[in-house]
Amino acid sequence: MKTVLVTGCSSGFGALTARAFAAAGYRVVATMRDPARADPGIFDGAGAIEVRALDVTDGDDVAACVAAVLADHGRIDVLVNNAGVHLLGAVEDMAEADLDRVMRTNFFGVLALSRAVLPAMRRAGGGHILTVSSVGSRVGRVMDGIYCASKAAVESALEAMRYEVARFGVQVAVVCPGAFRTGIDRNFTLSDAQARSPYAALHRYRMERVREACRDGGDPAEVAAALLRIAGDPAPAFRHLVGDKAIGLDAALSAADAEARAELLTRFSGIGWWIAGAAGPEAER
């Protein structure tokens, strides 16, 4: 039985991915920072799923978790890096602690897990390292710049790793979703400091737009299905867009010159009113 290690499984993409792999016959090690805070009954009837605590920002915790899985099961065939942090805010407003939290989770945490499983995958002659990124890696979205930067950074590192480990039979790929109904928008808030910021009106506007996009987004099971499919591909492509919105935005960005890109991003974010100095959003949505 193949073993898959999935991070960030307390809800959303991670929980659905764990269930999808279990249904496909994998032994699943589903990790999360605090299993006690997972959605109730999240894995009921899901099959062979072990839940383990893991803080991907703690290097000792990462090493201990990987060692324990290898000791118990002898192999890790697939790693799915799903754990992530998504905080909204202007680049100027983001507290140093929040910058650190985003990068330690979305960038350093992914690299720590990926590096930790590689020796075992090399010895086994292969494996898959899959990471949930974002279509935001292609663009600096307004009020989302730090999150987008973390995804762009991790994709660059993983693309380099892809070629470095190719001779050992290890496959590296990223999945880039658009907006999906994961409930992540429930975590978006405006701190007291942000409410007093010169960017407060823009922050409120973009927060509501992101919430709308999430509510109207696709079925997150699509992402879990994509990860399962890629894990079964002996030679997958590096980057996989998931969802009509992600595919559409990526195509538009690829076709745009510098002027068209600026217009596209202004329209996509709905921030023409902000750039023009108006007090509130444009009537045009």
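By convention here, the first residue in the shown sequence is residue 1.
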| request: Kindly determine whether R101 and T57 satisfy side-chain hydrogen bond (donor to acceptor under 3.5 Å, both in side chains), including the steps that lead there. | output: CA-CA 8 Å; R101 181 183 169 205; T57 69; over 6 Å; no
Show which side-chain atoms of residues 164-173 pair as donor or acceptor with protein atoms under 3.5 Å away, not counting sequence neighbours.
residue : atom : partner : partner atom : Å
Q171    : NE2  : P234    : O            : 3.3

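- V80 and V117 sit in two unconnected hydrophobic clusters of ILVMFWY residues. Membership requires side-chain heavy atoms under 4.5 Å apart, directly or through other members.
- Residues V110 and V66 are members of one and the same hydrophobic cluster, defined by side-chain heavy-atom contacts under 4.5 angstrom among Ile, Leu, Val, Met, Phe, Trp and Tyr.
- Between R239 and S137 the shortest side-chain heavy-atom distance falls below 4.5 Å.
- With hydrogens and angles disregarded, a donor-acceptor distance shorter than 3.5 Å links the side chain of D77 to the backbone of T3.
- Residues passing the side chain to side chain contact (heavy atoms under 4.5 Å, CB included) test with S134 are R141, Y147, K151, sequence neighbours excluded.
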| field | D144/H86 under side-chain hydrogen bond (donor to acceptor under 3.5 Å, both in side chains): CA gap, chis, key distance, verdict | value | CA-CA 8 Å; D144 221 1; H86 192 170; 2.7 Å; yes
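- Clustering of Ile, Leu, Val, Met, Phe, Trp and Tyr side chains at separations under 4.5 Å leaves M1 isolated, with no partner residue.
- To the nearest 0.5 angstrom, H73 atom NE2 is 10.0 Å from L5 atom CG.
- The shortest heavy-atom contact between G178 and V135 is CA-CG1, 4.1 Å.
- The side chain to side chain contact (heavy atoms under 4.5 Å, CB included) search around A157 returns F107, L111, not counting sequence neighbours.
- Residues I42 and R19 form no side-chain contact, since every pair of their non-hydrogen atoms from C-beta on lies 4.5 Å or further apart.
- The salt bridge (charged side-chain N to carboxylate O under 4.0 Å, His left out) analysis of residues 127-139, with sequence neighbours excluded, yields the pairs R138-D250.
- V78 is connected to V132 through a chain of hydrophobic side-chain contacts under 4.5 Å among Ile, Leu, Val, Met, Phe, Trp and Tyr, so both are in one cluster.
- To the nearest 0.5 Å, atom CZ of residue F43 and atom CD1 of residue I49 are 5.0 Å apart.
- Enclosure of atom NZ in K2 is not indicated, since only 12 or fewer non-hydrogen atoms of other residues, nucleotides or ligands lie within 6.0 angstrom.
- Nearest approach of I129 to S114, heavy atoms of both residues: CG2-OG, 3.5 Å.
- Under the 4.5 Å side-chain heavy-atom criterion for Ile, Leu, Val, Met, Phe, Trp and Tyr, V56 and I76 are members of the same hydrophobic cluster.
- The distance between the ring centers of Y205 and W274 does not fall below 6.0 angstrom.
- Every side chain to side chain contact (heavy atoms under 4.5 Å, CB included) that R261 has, sequence neighbours left out, goes to V139, L253, A256, L265.
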| query | Run the side chain to side chain contact (heavy atoms under 4.5 Å, CB included) check on T266 and I275 step by step: do they pass? | reply | CA-CA 9 Å; T266 300; I275 294 173; 4.0 Å; yes
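- When every heavy atom of A246 is checked against every heavy atom of P177, the shortest pair comes out as CB-C, 4.0 Å.
- If you take CD1 on I271 and CE on M143, they are separated by 9.0 Å, rounding to the nearest 0.5 Å.
- Sorted by first and then second residue, the pairs that involve residues 122-132 and meet side-chain hydrogen bond (donor to acceptor under 3.5 Å, both in side chains), not counting sequence neighbours, are N81-T131.
- Taking all atoms of both residues into account, the shortest heavy-atom contact from C9 to G14 is SG-O, 3.6 Å.
- Heavy atoms only, all atoms of each residue included: A22 and V28 are closest at N-CG2, 3.5 Å.
- Using a distance-only test at 3.5 Å, with no hydrogens or angles considered, a donor-acceptor pair links the side chain of N82 to the main chain of G8.
- The structure places CG of D257 at 9.5 Å from CD of E263, a figure rounded to the nearest 0.5 Å.
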Hey, can you pull the donor-acceptor pairs under 3.5 Å for the side chains in residues 220-232, sequence neighbours left out?
none

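- Residue Y163 shares its hydrophobic cluster (ILVMFWY side chains chained together at separations under 4.5 Å) with no other residue.
- The shortest non-hydrogen separation linking M94 to I146 is CG-CG1, 3.9 Å.
- Annotation: side chain of V6 is not in contact with side chain of T31 (no heavy-atom distance under 4.5 Å).
- Salt bridge R162/E155: absent, no basic N to carboxylate O contact under 4.0 Å.
- Within the 4.5 Å cutoff, the side chain of F180 has no heavy atoms near those of the D219 side chain.
- At a threshold of 4.5 Å between side-chain heavy atoms, the hydrophobic network of Ile, Leu, Val, Met, Phe, Trp and Tyr places L241 and L264 in one connected group.
- A distance of 9.5 Å separates OG of S197 from CZ of R204, quoted to the nearest 0.5 Å.
- Screening residues 45-57 for salt bridge (charged side-chain N to carboxylate O under 4.0 Å, His left out), with sequence neighbours left out, gives R33-D55, E50-R52, R52-D72.
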| task | Check the pair S269 / R206 against side chain to side chain contact (heavy atoms under 4.5 Å, CB included), numbers first and verdict last. | result | CA-CA 7 Å; S269 300; R206 285 295 301 147; 4.2 Å; yes
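- In this structure D100 satisfies the salt bridge (Lys or Arg N to Asp or Glu O under 4.0 Å) test together with R104, sequence neighbours excluded.
- The shortest distance between side-chain heavy atoms of V175 and L130 does not fall below 4.5 Å.
- One finds the CG atom of L87 at 5.0 Å from the CG atom of D98 (value rounded to the nearest 0.5 Å).
- Clustering of Ile, Leu, Val, Met, Phe, Trp and Tyr by side-chain heavy atoms under 4.5 Å joins L16 with none of the others.
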